[in-house]
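Note sheet for the following structure.
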Amino acid sequence: MKKLISATLAASLALSLAACGSSASTDSAAASSESTAASSAAAESTAETSELAGTTLKVAASPTPHAEILNAAKDVLAEQGIDLEVIEFTEYVQPNLVTESGEVDANYFQHKPYLDSFNVEQGTHLVSVGAVHYEPFGIYPGKSDDLANIVDGATIAIPSDTTNEARALQLLATQGLITVRDGAGLTATVNDITENPHNIKFEEIEAAQLPRTVQDVDFAVINGNYALAAGFSVKNDALATEDASSEAAQTYANILAVKEGRENDPAIQALYAALTSDKVKDYINSTYDGAVVPIF
């Protein structure tokens with residue numbers, strides 16, 4: 001690409017000089033100069049390509065959506081001579097351990113709060129290269145489907161674990177249904193609700209079980225992955241979802257992680273660039289029906 005751009009610029013400059021009535025010797029000198037610059041740029045580009053050509057990257061990932069998204073990035077990396085090998089794990093400990101040991105180059109399955117906690121508990125030295133996507137919480141209809149006219153005393157099912165409960169409460173707060181104490185942030189519980197004008201009753205239920213409760217409550221606030229697994233369309237069924245700019249989306253975005261010291265490796269940077277490319281963004285948007293959202 002650099003070679004093509006430089007060559008085009010050289011031709012345009014030569015034509016411009018000729019139109020201005022420059023001498024033949026000036027044209028020749030300019031063409032020679034541009035030719036030298038183009039050759040230099042081409043040599044630099046070749047050096048960069050050859051530096052990555054033949055590289056194999058091994059990345060640990062959970063099957064859905066992470067491994068699928070990585071596979072969508074393979075062609076982007078192949079253009080640079082990088083071969084991507086995706087190794088799937090169905091639990092959340094080994095991917096970090098094999099990244100720490102160097103058995104794989106990176107992993108993609110977790111958000112930063114989990115990574116930070118893992119480092120403290122396991123003594124690992126893993127860092128984030130950057131965020132790729134988040135899986136938004138949504139408010140889903142149950143016996144009611146009109147948030148704007150919620151009935152007094154309505155029942156809303158929310159996740160029972162602290163992190164997910166806080167996300168659910170903050171989403172309800174953005175819809176004006178409740179007010180949460182300033183500073184509670186993503187540690188909020190029902191005890192942090194300072195205003196509840198509709199006298200909403202909350203049922204705290206294990207997150208994975210929430211999709212099964214919708215017929216028994218007025219609304220349910222459900223994690224994107226559980227909604228998708230239950231056959232709900234986040235895009236079409238959810239009455240409201242977390243915005244990409246929200247604290248929750250930014251905090252719990254899923255990241256590409258590596259062992260500390262490798263985050264600036266050219267191949268790792270190429271991998272992150274591929275994961276945040278337009279091709280991958282289009283793949284995510286067309287595949288997951290709003291349950292997975294690019295955050296780049």
Is [X] reaching over with its side chain to a backbone N or O of [Y], donor-acceptor style, under 3.5 angstrom?
X: E100; Y: V98; value: no
X: E203; Y: I158; value: no
X: D145; Y: P141; value: no
X: E135; Y: N223; value: no
X: N107; Y: A61; value: no
X: T213; Y: L210; value: yes
X: K281; Y: F296; value: yes
X: Y108; Y: I69; value: no
X: D161; Y: N164; value: yes
X: K201; Y: G153; value: no

*asked:* Assess the residue pair L70 and L271 against the criterion (side chain to side chain contact (heavy atoms under 4.5 Å, CB included)); give the C-alpha distance rounded to whole Å, side-chain angles, the decisive distance to 0.1 Å, and a yes or no.
replied: CA-CA 9 Å; L70 282 164; L271 171 60; 4.2 Å; yes
Mind checking the [atom1]-[atom2] spacing from [X] to [Y]? Nearest 0.5 Å is all I need.
X: Q250; Y: S245; atom1: CD; atom2: OG; value: 7.0 Å
X: I295; Y: Y134; atom1: CD1; atom2: OH; value: 6.5 Å
X: L57; Y: I268; atom1: CG; atom2: CD1; value: 5.5 Å
X: H125; Y: T99; atom1: NE2; atom2: OG1; value: 14.0 Å
X: H198; Y: N149; atom1: NE2; atom2: CG; value: 9.5 Å
X: D237; Y: D289; atom1: CG; atom2: CG; value: 8.0 Å

Let me have the donor-acceptor pairs involving side chains of residues 171-180, under 3.5 Å, with sequence neighbours excluded, atom names and distances please.
| residue | atom | partner | partner atom | Å |
| --- | --- | --- | --- | --- |
| T174 | OG1 | L171 | O | 2.6 |

[Y] and [X], any side-chain heavy atoms less than 4.5 Å apart:
X: N225; Y: L228; value: no
X: P211; Y: F232; value: yes
X: I284; Y: V292; value: yes
X: L52; Y: P266; value: yes
X: V258; Y: D105; value: no
X: T163; Y: E165; value: no
X: V59; Y: I87; value: no
X: L77; Y: D83; value: no

*What's in the same ILVMFWY side-chain cluster as V217, cut-off under 4.5 Å, chained through other members?*
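None; V217 is a cluster of one.
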_Pair I205, S160 - check side chain to side chain contact (heavy atoms under 4.5 Å, CB included), show working._
CA-CA 5 Å; I205 296 170; S160 57; 5.8 Å; no
Might you point out which heavy atoms bring [X] and [Y] nearest each other, and give the distance in Å?
X: L115; Y: S128; value: CD2-N, 3.9 Å
X: A168; Y: P159; value: CB-CD, 3.7 Å
X: N196; Y: F202; value: ND2-CE1, 4.3 Å
X: P136; Y: T241; value: CB-CB, 4.4 Å
X: V86; Y: K74; value: CG2-CE, 4.4 Å
X: E247; Y: G185; value: OE1-CA, 4.1 Å

Establish whether [X] and [Y] are linked, either directly or via other cluster members, by ILVMFWY side-chain heavy-atom contacts under 4.5 Å.
X: V214; Y: I156; answer: no
X: F118; Y: V127; answer: no
X: V129; Y: V280; answer: yes
X: I255; Y: L126; answer: yes
X: L97; Y: F89; answer: no

*SB check K279 D282 (cutoff 4.0 Å)*: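 The answer is no: the pair does not qualify as a salt bridge.
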_So that I can tick it off, tell me whether E242 and R167 are bridged by a salt bridge, with the cut-off set at under 4.0 angstrom between side-chain N and carboxylate O._
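Salt bridge between R167 and E242, a charged N being under 4.0 Å from a carboxylate O: yes.
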*If you count the non-hydrogen atoms of other residues, nucleotides and ligands that lie under 6.0 Å from CZ in R212, is the total more than 12?*
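It does not: R212 CZ has 12 such atoms or fewer within range.
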Does any donor atom in the side chain of [X] or [Y] lie under 3.5 Å from an acceptor atom in the other side chain?
X: Q122; Y: N119; result: no
X: E68; Y: Y288; result: yes
X: E121; Y: S117; result: yes

*Any chance you could lay out the side chain to side chain contact (heavy atoms under 4.5 Å, CB included) test for I222 and I139, step after step, and finish with the verdict?*
CA-CA 7 Å; I222 307 175; I139 303 174; over 6 Å; no
*Using 30° and 60° as the class limits, which term best fits the ring planes of H111 and Y252: parallel, tilted or perpendicular?*
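Rings of H111 and Y252: perpendicular, over 60°.
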*Under 30°, 30 to 60°, or over 60°: which ring-plane class applies to Y114 and Y92, parallel, tilted or perpendicular?*
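Correct class here is perpendicular.
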_From CA spacing to verdict: side chain to side chain contact (heavy atoms under 4.5 Å, CB included), K112, T251_ = CA-CA 7 Å; K112 195 170 184 300; T251 301; over 6 Å; no
*Centroid-centroid under 6.0 Å between Y140 and F219 rings*: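 When the ring centroids of Y140 and F219 are compared, they turn out to be at least 6.0 Å apart.
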*asked:* Ring centroids only, cut at 6.0 angstrom: are F109 and H66 within range, meaning strictly under it?
replied: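 No, ring centres 6.0 Å or more apart.
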